[in-house]
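Just follow the structure's listing: the first ligand is 1, and inside any ligand the first atom is 1.
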Amino acid sequence: MQEVHRSRCLSYTVFATLRLAPGLNRTHHPMPETHRFLEACRRQPVDRVPIWLMRQAGRYQASYRAVRAQVSFLDLCRSPELIAKVTAAPIEEFGLDAAILFSDILIALPAMGLDLSFDEAEKGKRGGGPRIGNPVRTRADVEALRLPDPRRDLGFVLDGVRAARRALAGRVPLIGFAGGPFTVASYVVEGGSQGFARLKTMLHADPATARTLFDKLTEGAISQLLAQVDAGAQAVQVFESWLGELSREDLEEFAFPCLARIARALRATGVPAIFFATGMGTHLGPVGQLGYDVVSLDWRTPLAEARRQLPGIALQGNLDPTLLLGPRETLLARAGGLLEAVGHEPGYIFNLGHGILPSTPPENVRALVEAVHGFRPRP
Ligand code: CP3
């Protein structure tokens, strides 16, 4: 732990030096030198608690629905101009403290040889969702998966990072992201949002094949994250949304080693690395050893308890997204409770415990941002 800590501090020192030297920045865009979101990731004191929201660009916004009336979700993810516009919109609308690249954790699957589509949500029917026409079921399927080369295969994502940095013009930092190997594998193996039984059976029945699949997805996540940082992402988040489906044995055997590998690969970049997963309340010890700067948790884990179990790591989260549906007084009371519990010490970023829901009233988002910015951490 001590060792991990020291190397992290060292990389920050090196990074800080790079940032001070004119012309050495890896991008030519203005960089918010001491933005409160980046400071909080590094557990430095902040004037106000920073807030951003997972899925902050999405269907609850009229501006997003207007873009989506013109283009499909995948076409949106493949247009750098639209990526920039949609990424910057929630900053302009709500004054959030960080922007997250508009893309998807499944965006590299076509380059790996998978036939990815998104069903359109229809009124009165189940919401739209990802579908993979040729899911991965056998050893041969896993071996046939290509490793994507981000510069060759995902240029539109990297151009989207650059365009988003230009659109943000230094107002707030840009977060890049990738999916964690278990969560991406669940879509790849099941063929969509169809549970976890096939993937978990693969872990138990054919662990060597599962390990090869996880290794490929881990390599893919690392190359995408490093390419996004190189293109200008100022922090990155790994989305391992469904990790809580796994037992401790399977976490330790399959998922944690891959997640630690991703964290190690990111350390050399100097940008803060955030780890998000749900259902980790009983696994905080091992989660704290993975090597991330920030751990983002869902609402099932009280953050004050996580604070005690994760010394030396910044926390992000964890308001229940349904609170944004109302009533307003309960939303603000619960947000206030969270801020009092963990907002006075450095190293806290306000967020939801999972993505914002499409039925969220935008005025509640505005009220939440105002309340978080109105809170004053004790000096
Ligand atoms: O957070 C952001 O604003 C950045 C963009 C982003 C999206 N997806 C946009 C999106 C991010 C970071 C993601 C991550 C993602 N994608 C995850 C992990 C986070 C989580 O929510 O658990 C997962 C599991 C996916 C896979 C995925 N993409 C699903 C299951 C769906 C369908 C469900 C849904 O919400 O419609 C998507 C589609 C998707 N990704 C949408 C958006 C805005 C909706 C597309 C639309 O209809 O316009």
Side-chain angles (χ1 to χ4, degrees), residues 51-79 82-91 93-94 96 98-109 114 116-123 125-132 157 160-161 164 172 174-188 190-196 199 217 221 224-225 228 233 235-245 274-280 296-298 316-317 321 351-360 365:
I51 170 172
W52 70 277
L53 305 173
M54 288 187 277
R55 291 287 190 97
Q56 63 193 17
R59 286 162 294 186
Y60 75 103
Q61 292 175 291
S63 63
Y64 180 84
R65 293 194 299 274
V67 172
R68 282 282 283 104
Q70 306 294 321
V71 293
S72 72
F73 175 63
L74 275 176
D75 284 344
L76 169 49
C77 290
R78 287 173 177 148
S79 157
L82 291 177
I83 291 172
K85 179 177 162 174
V86 168
T87 298
I91 309 310
E93 201 172 341
F94 305 112
L96 293 152
I100 180 158
L101 174 71
F102 191 84
S103 185
D104 198 84
I105 63 167
L106 306 179
I107 201 68
L109 297 189
L114 296 173
L116 171 72
S117 58
F118 282 85
D119 290 347
E120 295 292 320
E122 284 177 50
K123 275 210 171 67
K125 289 209 176 163
R126 215 165 52 88
R131 189 181 291 278
I132 284 118
V157 174
V161 170
V172 298
L174 177 68
I175 305 168
F177 70 90
F182 175 74
T183 300
V184 175
S186 75
Y187 294 97
V188 162
E190 306 291 339
S193 312
Q194 276 134 36
F196 307 92
L199 173 58
L217 295 175
Q224 289 173 67
L225 291 168
Q228 288 176 25
V236 291
Q237 178 158 319
V238 175
F239 284 87
E240 193 57 295
S241 306
W242 310 128
L243 197 63
E245 288 293 322
I274 310 172
F275 174 69
F276 166 73
T278 69
M280 288 294 108
S296 192
L297 296 165
D298 73 281
Q316 177 176 276
N351 207 314
L352 303 177
H354 206 161
I356 197 166
L357 297 163
S359 54
T360 298
V365 174

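Ligand 1 has at least one atom lying under 4.0 Å from a heavy atom of His354. Under a 4.0 angstrom heavy-atom cut-off, Gly355 registers as lying outside contact with ligand 1. Contact annotation: Tyr187 has at least one heavy atom less than 4.0 Å from an atom of ligand 1. For the pair Leu53 and ligand 1, no heavy-atom separation below 4.0 Å is found.
At a threshold of 4.5 Å between non-hydrogen side-chain atoms, the residues Phe118 and Ser72 do not count as touching. Residues Phe177 and Ser103 form a side-chain contact, since some pair of their non-hydrogen atoms from C-beta on lies under 4.5 Å apart. Met54 has its side chain within reach of Ser296: a pair of non-hydrogen atoms, C-beta onward, lies under 4.5 Å apart.
The atoms of ligand 1 that sit less than 4.0 Å from any heavy atom of Ser241 are 18 (C), 19 (C), 20 (C), 22 (O). Taking every non-hydrogen atom of Phe118 and a distance limit under 4.0 Å, the qualifying atoms of ligand 1 come out as 28 (N), 37 (C), 38 (C). Distances below 4.0 Å separate heavy atoms of Gly129 from the following atoms of ligand 1: 32 (C).
The two residues Val157 and Gln228 make their nearest non-hydrogen contact at CG1-NE2, 4.2 Å.
Side chain of Asn351 to main chain of Trp52: a donor-acceptor pair is present (N/O by atom type, distance under 3.5 Å, no hydrogens or angles). Using modelled atom types, no side-chain atom of Thr183 and backbone atom of Gly180 make a donor-acceptor pair closer than 3.5 Å.
For ligand 1, none of its N or O atoms has an N or O atom of Ser193 under 3.5 Å away. Backbone and side-chain nitrogen or oxygen atoms of Arg55 are examined, and one is located within less than 3.5 angstrom of a nitrogen or oxygen of ligand 1.
The heavy atom nearest to atom 9 (C) of ligand 1, considering only Ala178, Ser103, Ala89, is found in Ser103. One option in Arg131, Gln56, Arg59 has a heavy atom closer to atom 34 (C) of ligand 1 than any other, and that option is Arg59.
Aromatic rings of Phe102 and Tyr64 (six-membered ring for Trp) have centroids within the 6.0 Å cut-off, being under it.
In this structure, a donor-acceptor pair under 3.5 Å is present between the side chains of Gln316 and Gln237.
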